[in-house]
2 protein chains.
Amino acid sequence: MVTMSDVAREAGVSMMTVSNVLTGRKRVGEPTRDRVLAAVESLGYEVNLTARHLRAGRTDTVALIVPSFHDYFGEVADRIAPLIEAGGRHLVLERTSADARSEMESLSVPRLQMYDGVFLSVAGLGRDEIDRVPTSAPIVLLGEREMPGRFDHVRLANGEGARLATAHMLERGSRRVLALGGAVGSSAGMESDRRAGWAEAHRAAGLVPDDRLVVPLPDFTSEAAHQALGQVLDDGPAFDGIFAVNDTVAFGALAALAERGVRVPDEVQLAGFDNLDVSRFVPPGITSVDPGYDVVAATAVRLLEQRMAGSDAPREHVTTPVSLVERGSTRADVGPG
Amino acid sequence: MVTMSDVAREAGVSMMTVSNVLTGRKRVGEPTRDRVLAAVESLGYEVNLTARHLRAGRTDTVALIVPSFHDYFGEVADRIAPLIEAGGRHLVLERTSADARSEMESLSVPRLQMYDGVFLSVAGLGRDEIDRVPTSAPIVLLGEREMPGRFDHVRLANGEGARLATAHMLERGSRRVLALGGAVGSSAGMESDRRAGWAEAHRAAGLVPDDRLVVPLPDFTSEAAHQALGQVLDDGPAFDGIFAVNDTVAFGALAALAERGVRVPDEVQLAGFDNLDVSRFVPPGITSVDPGYDVVAATAVRLLEQRMAGSDAPREHVTTPVSLVERGSTRADVGPG
DNA sequence: CCTTCCTGGTTTATCGTTAATCCGGCACGA
DNA sequence: TCGTGCCGGATTAACGATAAACCAGGAAGG
């Protein structure tokens, strides 16, 4: 590896002069600069960023650490990246998950400290892991869990989104809306928020939420939803609407319905959450709660940059608004039933 | 920031002893170890990875640098991550793209050298950028471009996949299969490979490929496909099958067909490429070419680890096999027409 | 009793870069 | 003529960790 001192020797100057030429932080005479540049060129020198980072005490890099790059977080990442770049920093992504050991690993404090700032999704994390993370580092939590106040936190208006979607289907004639992927217990997660919204919409419509309409899922995949809904269709309670906890789950539901010839939205209305790009195109178009990705991204970046700038203002917990995008999977008008 | 020397002072030992306790690389007496650990605990010391990396000359980190985290690369990333972790290293993702400046940025040699190894997708890159990358670093290219032999390279059997899908539809009664997202010119990219396979299937079936059936797209998004296919349906050549350059494009096509009441697969068969998870669930199930993600990932990781181990064996260019997954969007039997 | 070896630890030097300081000259104003 | 400044550049000293060499003291062996 060719280092700065090689260049310095080749050009007959000191290392500092090479550094100054390359960073432009101090004035260097024309002829000297030329000799340095020539040496750089001929030796093929490239600065060693690790060394620079050590010296500088920062990495100019921000990490987004999420359980999966798909769907929701993929969309968020796409929005955050340009904002971070605009701030002169660099964004990298890491996954939690894989196995438990490597989850600890990527959340280890030393690793977090390699970054000037971190967006951390707490979706799949235990409370213990989070409690081990020191408050000192600039960290913004993304996610739906109720979290200790120690960190800035951006979350969606999950309850409101679920309420919007469910109310919409109730308005359009549904009477028994399944909550697909709802949590039956009272765990403090995204799914319980969404379930609360589902229940609230029922009550607002003068209906009593029926717990048998809450269908839990082992995970929020299409496959799990496909299986579970198949079961319900075969020998579960009757229903005429589905609020899926997210769009991926909605696709699984769509497949189960199609297999049994159940027409959407005529017999069953369907709404999801996340408003994925593909949801717009999958016939008949999946009605979905839009998380307002741009706002989520902008808010998260604002909080993080504030923290990276050294602010010790009180932590903020921001809930960003959501909206309902109506498509063909729910009825445009109140149906006959 | 609390450093190792703080710990050493607190414990009344030398820095090396602290280091040895923490890394376990040398034996340390029981009472000394206890004092060190106590000091670590009380000061909240955490090792500085940047410094360790500088000293060690490696980062134990591998990067996957791709144009987007969606779809194909999202799937690949999911498969590569555990394999890299299993090798005791850490995987991070970066995006090329954003703007041109930051594209250069993330591909700059200094940045690449921060990683022990790099998977690089050349999808959106100019030849110039690639030529600037030195061969010395362990780099495995992922992608469909014809690339200089300087790098290890994993690519899909694109032509074969397109041929499989097209032949399948021709067998099942289609006579005029659209190539949606094919390149009309002879640019050396994935789309031209796929188009070649499309043409070959036609010839093998005794048909003359009709260039008017090749529909170029500005980009491979659902929206672009939706627009373009709408145009074709309104006043383009007649067709009874669609080979979409990827599944995302296929979704756009599906929407355009549905809007006009064209039945799939009865009137038009549809096949895509990538076999995304969702393609299995979107009614009627999208027939798709499966890229064999596991093989792609395993091959790429094998090549990179070889290179990281210092091998200077000749570069390998591996083409991994694909397979066709038949679903409801193509006909199970030859139809009446 | 002296050499040899081991144990548990310290000292020294270095990874590659850069902030801060220092220094020799030359120009310029008083 | 002598400060006073400035300019271009060199020296010094870190950033935080660790490999390698070194060393004190006791045990073992002859």
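Keep in mind it's a predicted model, so treat the numbers as computed, not measured. Order of the sequence lines sets the chain letters (A, B, ...), proteins ahead of strands, with each chain counted from 1.
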Practice problem: Using whole Å, report how far CG of A:D34 lies from P of D:dG8. | Solution: 14 Å
Exercise. Please list all pairs passing the ring pair (Phe, Tyr, Trp, His ring centres under 6.0 Å) test where one or both residues lie in residues 293-313 of chain A, with sequence neighbours left out.
Key: A:Y72-A:Y293
Quiz item: Roughly, in whole Å, what's the span from CE in B:M4 to C1' in C:dC15?
Solution: 15 Å
Quiz item: Looking only at side chains, do A:H70 and B:D277 share a donor and an acceptor under 3.5 Å apart?
Solution: no
Exercise. Taking only heavy atoms on the protein side, list every residue of residues 24-31 of chain B lying under 4.0 Å from any atom of DNA chain C, sorted numerically.
Key: B:K26, B:R27, B:V28, B:G29
Quiz item: Quick one: are A:V118 and A:L304 in side-chain contact, heavy atoms under 4.5 Å?
Solution: no
Practice problem: Let me know the distance between CD of A:Q113 and C1' of D:dC15, rounded to the nearest Å. | Solution: 15 Å
Output side-chain donor-acceptor pairs under 3.5 Å for residues 18-28 of chain B, partner residues at least two apart or in another chain, one line each.
residue, atom, partner, partner atom, Å
B:N20, ND2, B:M16, O, 3.1
B:T23, OG1, B:S19, O, 3.0
B:T23, OG1, B:R25, N, 3.3

Quiz item: Would you say A:V154 and A:L141 make side-chain contact, with heavy atoms under 4.5 Å?
Solution: no
Quiz item: Near DNA chain C, which residues from residues 12-20 of chain B have a heavy atom under 4.0 Å away?
Solution: B:V13, B:S14, B:M16, B:T17
Quiz item: Should the heavy atoms of other residues, nucleotides or ligands under 6.0 Å from CZ of B:R302 be counted, would the total exceed 12?
Solution: yes
Exercise. Kindly write out the residues that satisfy side-chain hydrogen bond (donor to acceptor under 3.5 Å, both in side chains) with B:R55, not counting sequence neighbours, or none if the list is empty.
Key: none
Quiz prompt | Residues within residues 37-53 of chain A bordering DNA chain D, heavy-atom distance below 4.0 Å | solution = none
Quiz item: Counting only distance, no hydrogens or angles, is the base of C:dT17 paired donor-acceptor with the side chain of A:R55 under 3.5 Å?
Solution: no
Self-check item: Validation row: B:I80, B:L91 side chains within 4.5 angstrom (heavy atoms)
Solution: yes
Practice problem: For residues B:R52 and B:V47, determine if any side-chain heavy atom of one lies less than 4.5 Å from a side-chain heavy atom of the other. | Solution: yes
Quiz item: Atom CG of B:D6 and atom C1' of D:dG16: how far apart are they, to the nearest Å?
Solution: 11 Å
Quiz item: Is the CZ atom of A:R58 crowded by more than 12 outside heavy atoms at less than 6.0 Å?
Solution: no
Quiz item: Closest nucleotide of DNA chain C for B:L54 versus for B:R35: which of these residues is on the 5' side?
Solution: B:R35
Quiz prompt | Any side-chain heavy-atom pair of B:H53 and B:M114 under 4.5 Å | solution = no
